[in-house]
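Following: one structure in structure tokens, then a few remarks.
Since this is a predicted model, take the numbers as computed values, not measurements. The analysis underlying the following values was restricted to heavy atoms, covering all of them including side chains, and did not include hydrogens, waters or symmetry mates. Sequence positions, counted from 1, serve as the residue numbers for this chain.
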Amino acid sequence: VLCAAELGVHKPDPGAFHAACETLRLPPGAVAYVGDQPDIDARGAVAAGLLGIWLDRGDLGGRPELLRITALDQLPDLLRGDTRFGAVSRIG
């Protein structure tokens with residue numbers, strides 16, 4: 001668990017997302033971040049180089065530029081199609 005108060009930086013600052021990546025020992029491009037705030041979470045993660053996913057539990061929509069799910073059970077299917085997150089590569 002990482003807390004903004006301990007890091008001295010908070011979302012949507014890229015440093016907050018990069019600190020999480022460093023803790024995981026993964027580059028930002030290998031990390032998916034799911035959050036319920038479209039700008040602070042999803043857009044902030046994308047700006048930091050992560051895959052940002054908006055968890056839109058209220059099914060508000062209206063943000064076509066963001067990857068969006070309405071429930072966490074949709075996450076595996078979303079990630080399955082991305083070779084960074086375990087999908088079998090069809091290249092080579």
Backbone N/O of Pro28 and side chain of His18: donor-acceptor pair under 3.5 Å
no

Which residues satisfy the side-chain hydrogen bond (donor to acceptor under 3.5 Å, both in side chains) test with Gln74, sequence neighbours excluded?
Thr70

Under a side-chain separation threshold of 4.5 Å, the hydrophobic residues clustered together with Phe17 are Leu24, Leu26, Val31, Tyr33, Leu50

For Ala16 and Val9, which heavy atoms make the closest approach, and how far apart are they?
N-CG1, 3.8 Å

The complete set of ring-ring contact (aromatic ring centres under 6.0 Å, His included) pairs with one or both residues in residues 63-82, sequence neighbours excluded, reads none

Can you tell me which residue pairs pass the salt bridge (charged side-chain N to carboxylate O under 4.0 Å, His left out) test with a partner in residues 7-30, sequence neighbours excluded?
Lys11-Asp41

Using the side chain to side chain contact (heavy atoms under 4.5 Å, CB included) criterion, which residues pair with Pro27? Sequence neighbours excluded.
Ala30

Is there side-chain contact between Val46 and Leu67, with at least one heavy-atom pair below 4.5 Å?
no

Does one hydrophobic cluster hold both Ile69 and Leu66, with members joined at side-chain heavy-atom distances below 4.5 Å?
no

Pairs of donor and acceptor atoms involving the side chains of residues 52-64, under 3.5 Å and at least two apart or interchain, shall be tabulated with distances.
{"residue": "Trp54", "atom": "NE1", "partner": "Asp36", "partner atom": "O", "Å": "3.4"}
{"residue": "Asp56", "atom": "OD1", "partner": "Asp59", "partner atom": "N", "Å": "3.1"}
{"residue": "Asp56", "atom": "OD1", "partner": "Leu60", "partner atom": "N", "Å": "2.9"}
{"residue": "Asp56", "atom": "OD2", "partner": "Leu60", "partner atom": "N", "Å": "2.9"}
{"residue": "Asp56", "atom": "OD2", "partner": "Gly61", "partner atom": "N", "Å": "2.7"}
{"residue": "Asp56", "atom": "OD2", "partner": "Arg68", "partner atom": "NH1", "Å": "2.9"}
{"residue": "Asp59", "atom": "OD1", "partner": "Arg68", "partner atom": "NH1", "Å": "2.9"}
{"residue": "Arg63", "atom": "NE", "partner": "Glu65", "partner atom": "OE2", "Å": "3.2"}
{"residue": "Arg63", "atom": "NH2", "partner": "Asp39", "partner atom": "OD1", "Å": "2.6"}

